[in-house]
Amino acid sequence: MDGTPFELTVFLAATFAAALVAGLAGFAFGLVAAAVWLHILTPLQTASLIIAFGLIVQGVSVWKLRRALDWNRLWPFLLGGAVGVPVGVAALAWANPAYIRAGVGVVLVLYSAYGLVRPTLKPINAGASMDAGVGFLNGVLGGATGLAGILTTIWCGLRGWTKDQQRAVFQPVAVAIFAMSAAWIGAKGAISADTVKLFLLGFPVLLVGTWLGLKLYGRLDEAGFRKLVLVLLLASGIALFF
């Protein structure tokens, strides 16, 4: 990024749009932001900013939903994710992230397209062990690709939980995975001064977008939330092919 007024405007607009979507739906910040940022920022800057901003967006949203947090429901996902993230990071040494993203894209497109044309699926009755398994797979995917909450988001929908119950699970999980990823990047000393400058410039815009998204979220009913999540999952799946 050369720092021209046009590029800065594009960066801030993408930051606002991604924060708005994440505040409204509870996920997809990285996918929305990366679609634009990768045209003007380096991959490392993009990943670093997604993690830093993602921690803030998800953290604010989790705080707003703190009364809906159920640790008995949440701990299996966090435990599985804690084990899965190092596996995903290690997989980067031999797995091709592009292939992983393409495979996830196929799953997202098929699942969301089916959900949009079919009635609501019968909720899955699962226990902590299955939740932990999903958390593990989500951690692997997050460590390998930076997609911190996609699998957990799908699973929460399949469990048939309310919109507040879903967000009270997949958002704290995303925060945990973002935090682990931030620790890996920070330990490597890979955060540049330019990245810090972009973070400071985008921070106020991020807060405004998140605030507006949370306001709009309060107006969604259960059916509207389900459709929004499915549409965003479909768009996310398509975006992973580009």
Side-chain angles (χ1 to χ4, degrees), residues 16-33 35 53-54 56-74 76-78 81 104-105 107-126 130-131 134-135 138 141-142 147-178 206-240:
F16 174 82
L20 175 65
V21 170
L24 178 59
F27 71 104
F29 177 87
L31 289 165
V32 174
F53 284 150
I56 296 171
V57 171
Q58 301 288 13
V60 170
S61 298
V62 169
W63 175 254
K64 295 284 288 186
L65 295 168
R66 63 190 182 280
R67 293 183 179 85
L69 294 179
D70 183 349
W71 291 102
N72 288 329
R73 176 178 289 154
L74 187 57
F77 295 97
L78 295 176
V104 174
V107 173
L108 291 180
V109 169
L110 292 177
Y111 168 78
S112 55
Y114 177 82
L116 287 169
V117 300
R118 299 283 294 180
T120 304
L121 298 175
K122 183 179 179 180
I124 294 176
N125 185 18
M130 290 188 67
D131 290 342
V134 172
N138 187 72
L141 183 63
L147 301 176
I150 293 293
L151 295 183
T152 309
T153 300
I154 293 176
W155 182 247
C156 289
L158 291 174
R159 290 295 302 269
W161 294 333
T162 67
K163 62 185 182 117
D164 284 349
Q165 289 173 332
Q166 291 182 50
R167 291 188 63 154
V169 171
F170 66 67
Q171 287 198 283
V173 170
V175 169
I177 292 177
F178 277 135
L206 181 88
L207 293 181
V208 174
T210 303
W211 174 82
L212 182 58
L214 289 171
K215 285 290 185 181
L216 294 174
Y217 167 73
R219 300 183 180 183
L220 282 177
D221 58 15
E222 296 293 339
F225 180 75
R226 176 177 176 274
K227 290 181 180 178
L228 174 66
V229 169
L230 288 172
V231 168
L232 287 175
L233 286 174
L234 177 62
S236 299
I238 295 173
L240 288 175

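On a predicted model such as this, the values are computed, not experimentally measured, just so you know.
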Where do [X] and [Y] come nearest, in terms of heavy atoms and distance?
X: Gln58; Y: Ala174; value: NE2-CB, 4.0 Å
X: Leu69; Y: Ala168; value: CD2-O, 3.3 Å
X: Leu230; Y: Ser112; value: O-CB, 3.2 Å
X: Leu78; Y: Ala176; value: CD2-CB, 3.9 Å
X: Val109; Y: Ile238; value: CG2-N, 3.9 Å
X: Gly224; Y: Asp221; value: N-OD1, 2.6 Å

Give a yes or no on whether Arg66 atom CZ has more than 12 heavy-atom contacts from other residues, nucleotides or ligands under 6.0 Å away.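 More than 12 heavy atoms, drawn from other residues, nucleotides or ligands, come within 6.0 Å of this atom.
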To the nearest 0.5 Å, what is the distance between [atom1] ([X]) and [atom2] ([Y])?
X: Gln166; Y: Leu158; atom1: CD; atom2: CG; value: 9.0 Å
X: Leu206; Y: Leu20; atom1: CG; atom2: CG; value: 11.0 Å
X: Leu24; Y: Thr210; atom1: CG; atom2: OG1; value: 11.5 Å
X: Phe178; Y: Phe53; atom1: CZ; atom2: CZ; value: 12.0 Å
X: Leu212; Y: Leu207; atom1: CG; atom2: CG; value: 12.5 Å
X: Met130; Y: Ile124; atom1: CE; atom2: CD1; value: 6.5 Å

Just jot down the side-chain contact (heavy atoms from CB on, under 4.5 Å) partners of Leu151, sequence neighbours excluded, or say none.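 Applying side-chain contact (heavy atoms from CB on, under 4.5 Å) to Leu151 gives Leu137, Asn138, Leu141.
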Under the criterion side-chain contact (heavy atoms from CB on, under 4.5 Å), I'd like the reasoning laid out for Arg159 against Val169: C-alpha separation, chi angles, the key distance, then a yes or no. CA-CA 11 Å; Arg159 290 295 302 269; Val169 171; over 6 Å; no
Using side-chain contact (heavy atoms from CB on, under 4.5 Å), reason through Val60 and Leu214 one step at a time and then give a plain yes or no. CA-CA 9 Å; Val60 170; Leu214 289 171; 4.0 Å; yes
Mind checking side-chain hydrogen bond (donor to acceptor under 3.5 Å, both in side chains) for Asp164 and listing every partner two or more places apart, or none if nothing turns up?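 side-chain hydrogen bond (donor to acceptor under 3.5 Å, both in side chains) list for Asp164, sorted by chain: Tyr217.
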